[in-house]
There are 2 protein chains.
Amino acid sequence: MEHGIKPSYPRIKILEYLITKRSHPTVDEIYSNLVKEIPTLSKTTVYNTLNLLISANIVRVVASEENETRYDADVTSHGHFKCEKCGAIYDFRIDVGALKTDDLKNFKIKEKNVYYRGICEECLDNIENKI
Amino acid sequence: MEHGIKPSYPRIKILEYLITKRSHPTVDEIYSNLVKEIPTLSKTTVYNTLNLLISANIVRVVASEENETRYDADVTSHGHFKCEKCGAIYDFRIDVGALKTDDLKNFKIKEKNVYYRGICEECLDNIENKI
DNA sequence: TTTAAATTTGTAATTATTACATTTTTATTA
DNA sequence: TAATAAAAATGTAATAATTACAAATTTAAA
Ligand SMILES: [Mn+2]
Ligand SMILES: [Mn+2]
Ligand SMILES: [Zn+2]
Ligand SMILES: [Zn+2]
């Protein structure tokens, strides 16, 4: 595994889950799905591994207003949209660098997050079709 | 109180705390400070009141990566910067409307959050002075 | 193969938040 | 004003997320 982390089986599977699913899952989602394949997996290992991946900058936490921590293996700059109907978190492209932030000119910015909330296209369509 | 909420004493004090302090406090901070003045205050009341103010759109939750909910009585559009040294959350002006988001053109956006993390000017100065 | 180091596990502790029944306060009406 | 009803606040218990930590297991090194 990259960044000097030893690639144990649980670690590989957890990162693989994040990369392939791209659902910005919670610890619970990761654990519930992987425990089928790795019956000895513990939730503590999921927490440990995610925190390890975060300190290695391979994984990021999705900023949100909810008190549910969601994880993302895409560490490139992009925004998140959470649908309040279906709960899904969508990625979207956004040029965060284009934003002028004079107020922070003497601050050291390490990470930028853009988080929107609303109703996704699919849920809007469903509402229309019900009428 | 605005928006049809009856202005009880705890409600007034909680909103007043948010407006005057502007520190984006946690429930714990609000409770710990106000209980000095209102000895019968309960933490549940703080939670109830904040949730009430949120549904009335008088108060917003600050989006972040931490699992600590922080509240803000400034519901106008602005960004938040969290200093990882001192923990303070700074407001900054940002023109969120300037961001193009073609990916979300068929989505209904209800709320936009911009959250930065890094080191604030004051903490950077302190680090320099120690050298 | 022995030994040491790293990783994983399970349980307990901590913390944040909500649920809910009871009490208190406030407003309404006789 | 006194009785009543409605709203708000309180305290405790329940739930859920996360971390702490010691013991067990696995992996790597000698
Ligand atoms: Mn993402
Ligand atoms: Mn603010
Ligand atoms: Zn949706
Ligand atoms: Zn600082």
Side-chain angles (χ1 to χ4, degrees), chain A residues 1-18 23-56 58-72 82 87 89, chain B residues 1-18 23-56 58-72 82 87 89:
Chain A
M1 203 179 282
E2 322 87 290
H3 303 85
I5 295 173
K6 289 191 187 164
S8 75
Y9 190 66
R11 288 176 180 178
I12 290 169
K13 284 297 177 183
I14 289 165
L15 182 56
E16 210 171 81
Y17 187 91
L18 285 167
S23 57
H24 309 94
T26 60
V27 163
D28 227 59
E29 183 188 326
I30 299 169
Y31 173 76
S32 308
N33 281 282
L34 290 184
V35 79
K36 298 168 193 163
E37 232 185 311
I38 317 166
T40 62
L41 184 68
S42 85
K43 207 175 262 192
T44 306
T45 297
V46 180
Y47 276 107
N48 288 344
T49 301
L50 289 168
N51 289 334
L52 189 70
L53 296 172
I54 287 167
S55 40
I58 303 170
V59 165
R60 278 177 63 163
V61 169
V62 177
S64 81
E65 299 155 297
E66 327 277 321
N67 47 345
E68 54 168 16
T69 308
R70 287 167 163 272
Y71 300 86
D72 193 348
K82 171 146 185 176
I89 292 182
Chain B
M1 204 179 279
E2 323 89 289
H3 303 86
I5 295 173
K6 288 192 189 164
S8 74
Y9 190 66
R11 288 176 179 178
I12 290 168
K13 284 295 175 184
I14 289 164
L15 182 55
E16 209 172 81
Y17 187 91
L18 285 167
S23 57
H24 309 95
T26 61
V27 163
D28 227 58
E29 183 188 324
I30 299 169
Y31 173 77
S32 308
N33 282 282
L34 290 184
V35 79
K36 298 168 194 162
E37 232 185 311
I38 318 167
T40 63
L41 185 68
S42 86
K43 207 175 261 191
T44 305
T45 298
V46 180
Y47 276 108
N48 288 344
T49 301
L50 289 168
N51 289 334
L52 188 70
L53 296 172
I54 287 167
S55 40
I58 302 170
V59 165
R60 278 177 64 163
V61 169
V62 177
S64 82
E65 299 155 298
E66 327 277 320
N67 47 344
E68 55 167 17
T69 308
R70 287 167 163 274
Y71 300 85
D72 193 349
K82 170 145 185 177
I89 292 183

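Every chain is numbered from 1 and lettered A, B, ... according to where its sequence line falls, protein lines coming before strand lines.
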Whole-Å distance separating the [atom1] atom of [X] from the [atom2] atom of [N]:
| X | N | atom1 | atom2 | value |
| --- | --- | --- | --- | --- |
| A:Y9 | D:dT27 | OH | P | 12 Å |
| A:E66 | D:dA16 | CD | C1' | 15 Å |
| B:K13 | D:dA9 | NZ | P | 14 Å |
| A:L50 | D:dT18 | CG | C1' | 12 Å |
| B:I14 | D:dA8 | CD1 | C1' | 12 Å |

**A:K82: side chain to side chain donor-acceptor pair (under 3.5 Å) partners, not counting sequence neighbours** =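 Checked A:K82 against side chain to side chain donor-acceptor pair (under 3.5 Å); matches are A:E68.
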**Item:** side chain to side chain donor-acceptor pair (under 3.5 Å) against A:D28, all qualifying residues, sequence neighbours excluded
**Value:**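 Expected list: A:K43.
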**Asked** Looking at residues 29-48 of chain B, who's got a heavy atom less than 4.0 Å off DNA chain D?
**Response**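 DNA chain D contact set from residues 29-48 of chain B: B:T40, B:L41, B:S42, B:T44, B:T45, B:N48.
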**Request:** For B:E29, check salt bridge (Lys or Arg N to Asp or Glu O under 4.0 Å) against everything at least two apart and list the hits.
**Result:**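 Result, salt bridge (Lys or Arg N to Asp or Glu O under 4.0 Å) vs B:E29: none returned.
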**Item:** Heavy-atom closest contact (B:S32 atom, B:K36 atom, distance)
**Value:**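 Taking B:S32 first and B:K36 second, the nearest heavy atoms are O-CE, 3.6 Å.
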**Item:** Residue pair B:V61 / A:E65: nearest heavy atoms and the distance that separates them
**Value:**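 Closest heavy-atom pair between B:V61 and A:E65: CG1-O, 3.6 Å.
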**Segment of DNA chain C, first to last nucleotide, that comes within the 4.0 Å heavy-atom reach of chain A** =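 Nucleotide range with atoms under 4.0 Å of chain A: C:dA6 to C:dT17.
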**Request:** Find the bend of the helix from C:dT1-D:dA30 to C:dA30-D:dT1 as the angle between its two terminal axes (five pairs each), to the nearest 10°.
**Result:**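 Roughly 10°, once rounded to the nearest ten degrees.
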**Request:** Enter the distance from B:N33:CG to B:Y17:OH here, rounded to the nearest 0.5 Å.
**Result:**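 These two atoms lie 3.5 Å from each other.
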**Message:** According to side-chain contact (heavy atoms from CB on, under 4.5 Å), who are the partners of B:L18, at least two apart in sequence or on a separate chain?
**Reply:**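 Residues passing side-chain contact (heavy atoms from CB on, under 4.5 Å) with B:L18: B:P25, B:I30, B:L50, B:V59, B:Y71, B:A73.
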**Request:** List for me each residue that meets side-chain contact (heavy atoms from CB on, under 4.5 Å) alongside B:T45, sequence neighbours excluded, and say none if there are none.
**Result:**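 Here the qualifying residues are B:P10, B:L41, B:S42, B:T49.
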**Request:** Output yes when a side-chain donor or acceptor of A:R70 lies under 3.5 Å from a complementary backbone atom of A:V62, and no otherwise.
**Result:**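 Flag not set: sc A:R70 to bb A:V62 has no pair under 3.5 Å.
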**Message:** At less than 4.0 Å, is any side-chain N or O atom of A:N67 found next to OP1 or OP2 of D:dT18? Yes or no.
**Reply:**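 No, no such contact exists.
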**Request:** With sequence neighbours excluded, give me every salt bridge (charged side-chain N to carboxylate O under 4.0 Å, His left out) pair touching residues 46-55 of chain A.
**Result:**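 Passing the test, one end in residues 46-55 of chain A: no pairs.
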**Prompt:** Do B:T69 and B:V27 come within less than 4.5 Å of each other through their side chains, counting heavy atoms only?
**Reply:**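 Counting from C-beta outward, B:T69 and B:V27 never come under 4.5 Å.
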**Asked** For B:T26, which contact category applies under a 4.0 Å heavy-atom criterion: base, sugar-phosphate, or nothing?
**Response**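 Answer is nothing: B:T26 stays at 4.0 Å or more from every strand.
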